[in-house]
Amino acid sequence: MSALDDRPAAANFVRDLVIADCEQGTFGGRVQTRFPPEPNGYLHIGHAKAITVDFDLAAEFGGVCNLRFDDTNPDTEDASYVKAIVDDIGWLGYEVATPLYASDYFLQLVDWAVLLIRQGKAYVDEQDGETISEQRGGYGNPGTESPHRDRPIEENLDLFARMRAGELDEGAAVLRARIDMQHENMQMRDPVMYRIRARHHHRTGDGWKIYPTYDWAHGQSDAIEGITHSLCTLEFDGHRPLYDWYLDQLADAGVLPYEQPRQSEFARLELTHTVTSKRKLLQLISDGVVDGWDDPRMPTLRGLRRRGYPAESIRDFCRFIGVSRTNSRNEIELLESFVRTRLNAVAQRRMAVLRPLEVVIDNWPTDDSGVPLVEQVELINNPENADDGTRTAPFSGRFWIEQDDFKAEPPPKYYRLTPGREVRLRGAFFVTCVGLDTDADGNVERVHVTYDPETRGGNASDGRKVKSTMHWVSADHAVDVQVALYERLFSAEIPGEATGDVFDDLNPNSRELLEDCKAEPALGDATLGSVVQFERLGYFAHDLHAPLLFHRTVGLRDEWANIQKRKG
RNA sequence: UGGGGUGUGGUGUAAUUGGCAACACGACAGUUUCUGGUUCUGUUAUUAGGGGUUCGAUUCCCUUCACCCCAACCA
């Protein structure tokens with residue numbers, strides 16, 4: 001654990017609740033949480049918040065957090081997602097001893113359902129879904145009771161057994177809790193506990209013909225595992241009375257193995273310029289807007305990872321934004337600031353030129369046969385970390401600079417290379433612009449400079465200063481690389497706010513692939529997946545597979561860009 | 001239409017439960033610097049509105065308003 005991880009957990013209402021429970025001995029001093037994803041999609045930044053809250057809270061109070069797959073709907077779930085989710089959680093930095101599955105409790109759940117039937121608290125309803133829905137009533141109007149609501153217990157037992165045995169067709173019947181069709185909370189109007197679904201399940205195979213609903217499975221799974229604090233998002237707030245009702249019945253029957261767990265809800269994470277809805281992420285892929293779940297523009301953990309976001313920075317962010325019940329949306333800039341903070345400390349510096357402009361040193365020395373001499377200059381790997389040491393880079397009479405770093409006619413406050421001005425080439429020499437070559441259209445093709453041999457290493461012996469230090473890459477030694485530049489996937493802060501359709505706010509320039517970039521030779525020794533800083537440009541991640549492809553993780557804070565933006 | 005939830009700067013969270021509204025991001029102005037990065041400093045708020053109780057209210061009471069969630073055999 002690094003220094004940033006040591007900061008005390010921020011105050012929040014859930015943590016206060018846990019502290020109060022510990023003081024009062026509510027759960028015998030135990031704290032146990034769970035993260036319950038449904039294995040039907042990939043984890044994204046929103047899940048990262050839930051994971052961080054669930055795992056950190058348990059860890060802080062000496063408890064454990066279970067990873068439990070909520071695999072109660074065989075229609076959409078798949079084993080491949082299970083694997084990816086376990087993998088992503090591990091990458092985020094959390095240890096999962098053994099993944100658990102709601103499907104492991106199917107037998108227990110059925111036993112408990114039978115218990116409720118015997119107590120007259122559940123019944124089989126043979127009406128179709130549409131009828132049941134109509135009878136549920138609406139906001140303000142009470143529901144009406146099913147004609148099957150008062151059928152004899154033996155009949156319910158028999159019908160439920162037949163549902164389970166596969167003797168009834170899909171949709172022919174459901175098991176319902178017998179609560180209150182007049183209840184002002186819709187969730188309490190005799191909710192469905194089981195539906196008939198003769199499907200293959202990724203873990204239980206073809207044995208089950210009925211599957212429990214979320215509400216019936218979730219709280220009971222919590223109880224079986226000994227969960228104390230069942231944390232979920234705000235939209236489940238209305239389900240809490242039902243969560244408690246089921247557990248109350250089982251507690252009254254004396255069958256719960258642990259203290260009765262409690263559910264608390266907090267606001268989900270929303271980010272500006274980002275969508276996290278599973279449906280919309282899927283559509284981005286199927287429409288070909290992005291390349292897949294791990295496209296560096298995706299808010300998925302796999303995407304962020306490929307983009308170069310350190311797992312620690314995601315955790316820092318999730319810890320910092322807090323836990324509350326206020327619907328809110330965090331600025332993506334905050335996430336990026338945590339990424340920069342982490343990367344600034346650990347990323348080694350390298351030089352690369354994205355849009356090359358050739359510079360020739362007119363007074364550079366040659367050997368007897370007219371070949372330019374080559375100097376090796378020493379460069380610091382990371383000014384933030386002396387232990388990273390130094391490296392050398394070749395320097396000769398021709399090099400590349402960024403097109404942006406030269407202006408024939410400089411705008412106000414521009415202090416990079418311009419005719420007549422002297423600048424420093426990082427770690428090398430001072431050079432002064434003495435001329436330029438242009439093509440037929442007047443575009444700058446090449447810049448001519450002279451260098452001062454007395455400035456070797458980057459300092460003038462007479463102590464004179466220059467306004468600007470620029471990065472460069474020796475033209476005769478450059479490594480050709482490709483760089484993918486990324487901007488926000490959605491240009492609007494709140495995608496879809498204006499028209500109702502998030503896809504109207506897609507940024508057409510979310511990716512720009514630069515094929516003709518020049519990098520210093522040290523970049524040739526790629527460590528796949530690692531992140532470096534290209535000096536003055538930003539942080540760039542080596543692709544996981546292609547050694548000479550770099551993804552821009554995030555740019556450096558750029559005051560010059562702000563100055564230009566302000567001028568419009 | 002009924003029920004539930006939430007309102008603190010541009011943004012997100014705090015405030016020892018009635019005592020100078022704090023932290024961070026962003027923005028702006030400086031500082032430092034061989035990265036227009038980093039560092040450091042400063043500026044950026046009548047706590048949704050209106051009443052009340054009190055010496056004193058983000059906190060307690062009344063009231064108005066705004067936003068979010070709920071009528072899947074999804075989770």
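In what follows, chains are A, B, ... by sequence order, proteins preceding strands, each numbered from 1. Predicted model only: the values in this text are computed from it and were never measured.
- The side chain of A:R566 places an N or O atom within less than 4.0 Å of a non-bridging phosphate oxygen (OP1 or OP2) of B:C28.
- Between A:R325 and B:U6 there is a side-chain N or O to OP1 or OP2 distance below 4.0 Å.
- The side chain of A:R536 places an N or O atom within less than 4.0 Å of a non-bridging phosphate oxygen (OP1 or OP2) of B:G36.
- To the nearest whole angstrom, the two P atoms, one in B:U47 and one in B:G10, are 13 Å apart.
- Between A:R197 and the phosphate of B:C74, there is a side-chain N or O to OP1/OP2 separation shorter than 4.0 Å.
- More than 12 heavy atoms of other residues, nucleotides or ligands shown are found within 6.0 angstrom of CD on A:Q376.
- OP1 or OP2 of B:A27 has at least one side-chain nitrogen or oxygen of A:N562 nearer than 4.0 Å.
- Comparing atom distances between the A:Q187 side chain and each of B:G37, B:C70, B:C23 picks out B:C70 as nearest.
- Contact check, A:R136 against B:C73: a side-chain N or O comes under 4.0 Å of OP1 or OP2.
- Put simply, A:T72 has a side-chain N or O that comes within less than 4.0 Å of OP1 or OP2 on B:A75.
- Residues A:M186 and A:T213 each lie close to RNA chain B; by heavy-atom proximity, the contact nearer the 5' end of the strand is made by A:M186.
- With its glycosidic angle more than 90° from 0, B:A22 is assigned anti.
- Of the listed nucleotides (B:A27, B:G36, B:U35), B:G36 has the atom at the smallest distance from the side chain of A:I563.
- Contact of A:E331 with B:G10 (side chain to base): a donor-acceptor pair of N or O atoms is detected under 3.5 Å.
- Not a single donor-acceptor pair, N or O on each side, falls under 3.5 Å between the base of B:A71 and the side chain of A:H183.
- Considering only heavy atoms from C-beta on, A:L109 stays 4.5 Å or farther from A:Y211 through its side chain.
- Minimum interatomic distance between A:S230 and A:Y243 (heavy atoms only, all atoms of both residues): CB-OH, 3.3 Å.
- Ring stacking is absent between A:Y214 and B:A75, as the pair misses the limits of under 5.5 Å between centres and under 30 degrees between planes.
- For A:D237, counting side-chain heavy atoms from C-beta on, the closest listed nucleotide (B:G36, B:G4, B:A72) is B:G4.
- With distances taken from any side-chain atom of A:I321 to the nucleotides B:C73, B:G12, B:G36, the minimum falls on B:G12.
- Distances from the side chain of A:Y414 to the nucleotides B:U35, B:C73, B:G36 place B:G36 closest.
- In this structure, B:U16 shows a glycosidic angle more than 90 degrees from zero, which is the anti conformation.
- Enclosure of atom CD1 in A:I380 is not indicated, since only 12 or fewer non-hydrogen atoms of other residues, nucleotides or ligands lie within 6.0 angstrom.
- Of the candidates B:A24, B:U35, B:A14, the closest approach to any side-chain atom of A:L334 belongs to B:A24.
- Of the candidate nucleotides B:A71, B:A24, B:G36, B:G36 has the atom nearest to the side chain of A:W560.
- The side chain of A:N73 contributes no N or O atom lying less than 4.0 Å from OP1 or OP2 of B:C73.
- Note on A:S324: a side-chain N or O is less than 4.0 Å away from OP1 or OP2 of B:U13.
- With hydrogens and angles left out, the side chain of A:E333 and the base of B:U11 share no donor-acceptor pair within 3.5 Å.
- The cationic group of A:R350 does not satisfy the cation-pi geometry with A:F534, failing either the under 6.0 Å distance to the six-membered ring centre or the 45° limit from the ring axis.
- Regarding contacts with the backbone of B:U13, a side-chain N or O of A:S328 is found under 4.0 angstrom from either OP1 or OP2.
- Comparing the P positions of B:U58 and B:U16 gives an interatomic distance of 13 Å, to the nearest angstrom.
- In terms of phosphate contacts, A:R195 brings a side-chain nitrogen or oxygen within less than 4.0 Å of OP1 or OP2 of B:A75.
- Listed nucleotides B:C73, B:G7, B:G36 differ in distance to A:T326; the shortest reach to its side chain belongs to B:G7.
- Evaluation of atom-type donor-acceptor distances gives no pair under 3.5 Å for the side chain of A:Q182 against the base of B:G2.
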